[in-house]
Undergrad: 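Submitted below is the structure of interest, expressed as structure tokens.
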Amino acid sequence: MKNVNPRKYAALTAESIESLRHKITSTLLSDFADIIEGMSKDDVYEFVCECEARARTIGVESDRAVFEFVCLTLAIGDEFEKSPDFIEFVGDYDGTVDDAIEYMSDNFSARTDE
């Protein structure tokens with residue numbers, strides 16, 4: 001990133017993050033309405049912001065992995081990334097945190113009580 005003004009780069013990064021948060025919010029509202037039933041648009045946006053921030057703290061980088069992290073949070077529960085099972089899985093996974101999140105999302109089957 002030669003000759004890039006750090007302030008301009010930070011502003012672009014913040015703008016990109018904001019854009020991602022709005023895209024994920026819109027997707028949840030349109031495609032996952034049954035899961036987020038009862039949540040207002042503002043509540044969904046706040047939830048997405050909280051998940052995105054948590055995802056970044058564990059090393060999630062790609063937009064897709066952030067989206068998958070949000071979906072896993074909806075499916076598994078808040079702060080699932082702090083569970084010993086998740087920590088062990090990521091530690092044993094041969095790839096990046098993004099890869100591990102995407103693998104989990106692709107292979108997740110919701111548990112149901114019978």
Side-chain angles (χ1 to χ4, degrees):
M1 289 193 338
K2 196 160 107 166
N3 298 324
V4 174
N5 179 325
R7 285 186 180 171
K8 187 174 184 179
Y9 178 74
L12 289 173
T13 302
E15 186 177 306
S16 298
I17 291 170
E18 189 66 19
S19 175
L20 174 64
R21 289 172 173 176
H22 283 289
K23 286 178 188 175
I24 293 173
T25 299
S26 294
T27 301
L28 292 177
L29 289 168
S30 64
D31 297 346
F32 297 90
D34 54 330
I35 295 172
I36 60 167
E37 186 176 348
M39 292 176 74
S40 71
K41 182 178 181 177
D42 290 341
D43 290 342
V44 173
Y45 179 77
E46 185 178 319
F47 173 77
V48 168
C49 290
E50 291 169 2
C51 288
E52 184 269 333
R54 287 194 351 257
R56 302 291 184 198
T57 66
I58 64 164
V60 173
E61 295 177 357
S62 76
D63 291 357
R64 177 175 179 214
V66 171
F67 175 74
E68 302 295 354
F69 184 93
V70 171
C71 291
L72 286 168
T73 300
L74 284 169
I76 299 172
D78 287 340
E79 299 188 357
F80 75 90
E81 73 279 8
K82 293 181 181 177
S83 76
D85 290 339
F86 176 79
I87 292 168
E88 180 180 354
F89 173 76
V90 171
D92 292 344
Y93 193 81
D94 187 26
T96 67
V97 175
D98 284 8
D99 294 338
I101 292 289
E102 291 174 16
Y103 177 85
M104 283 182 66
S105 182
D106 290 345
N107 294 284
F108 179 77
S109 60
R111 293 181 213 151
T112 56
D113 294 331
E114 296 180 16

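The analysis underlying the following values was restricted to heavy atoms, covering all of them including side chains, and did not include hydrogens, waters or symmetry mates.
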Undergrad: In chain order, what residues pass the salt bridge (Lys or Arg N to Asp or Glu O under 4.0 Å) check against E46, with sequence neighbours excluded?
TA: none
Undergrad: How far apart are the closest heavy atoms of V60 and A65, and which atoms are they?
TA: CG1-CB, 3.6 Å
Undergrad: List the atom pairs, with distances to 0.1 Å, where a side-chain N or O of residues 85-94 and a protein N or O form a donor-acceptor pair under 3.5 Å, not counting sequence neighbours.
TA:
none

Undergrad: List in chain and number order the residues that pass ring pair (Phe, Tyr, Trp, His ring centres under 6.0 Å) with F69, two or more places apart in sequence or in another chain; answer none if no residue qualifies.
TA: F80
Undergrad: Quick check: closest heavy atoms across V44 and I36, and the distance to 0.1 Å?
TA: CG2-CD1, 3.6 Å
Undergrad: If you define the side chain from C-beta out and look only at heavy atoms, does anything of I76 sit under 4.5 Å from M104?
TA: yes
Undergrad: Quick one: side-chain contact (heavy atoms from CB on, under 4.5 Å) partners of T96, sequence neighbours excluded?
TA: D98, D99
Undergrad: Any salt bridge (Lys or Arg N to Asp or Glu O under 4.0 Å) involving residues 52-66? Give me the pairs, sequence neighbours left out, ordered by first then second residue.
TA: R21-E52, E52-R56, R54-E81, R64-E68, R64-E102, R64-D106
Undergrad: Nearest 0.5 angstrom please: I101 CD1 to I58 CD1, how far?
TA: 4.5 Å
Undergrad: Can you list the residues that meet the side-chain hydrogen bond (donor to acceptor under 3.5 Å, both in side chains) rule with E50, with sequence neighbours excluded?
TA: none
Undergrad: Can you tell me how far the OG1 atom of T57 sits from the NZ atom of K82, to the nearest 0.5 Å?
TA: 7.5 Å
Undergrad: Which pairs, with at least one residue in residues 32-42 and sequence neighbours excluded, count as a side-chain hydrogen bond (donor to acceptor under 3.5 Å, both in side chains)?
TA: S40-D43
Undergrad: Can you name the side-chain hydrogen bond (donor to acceptor under 3.5 Å, both in side chains) partners of D78, sequence neighbours left out?
TA: none
Undergrad: Quick one: which residue pairs count as a ring pair (Phe, Tyr, Trp, His ring centres under 6.0 Å) with a foot in residues 20-46, not counting sequence neighbours?
TA: H22-Y45
Undergrad: Looking at side-chain heavy atoms only, is the closest gap between V70 and F47 below 4.5 Å?
TA: yes
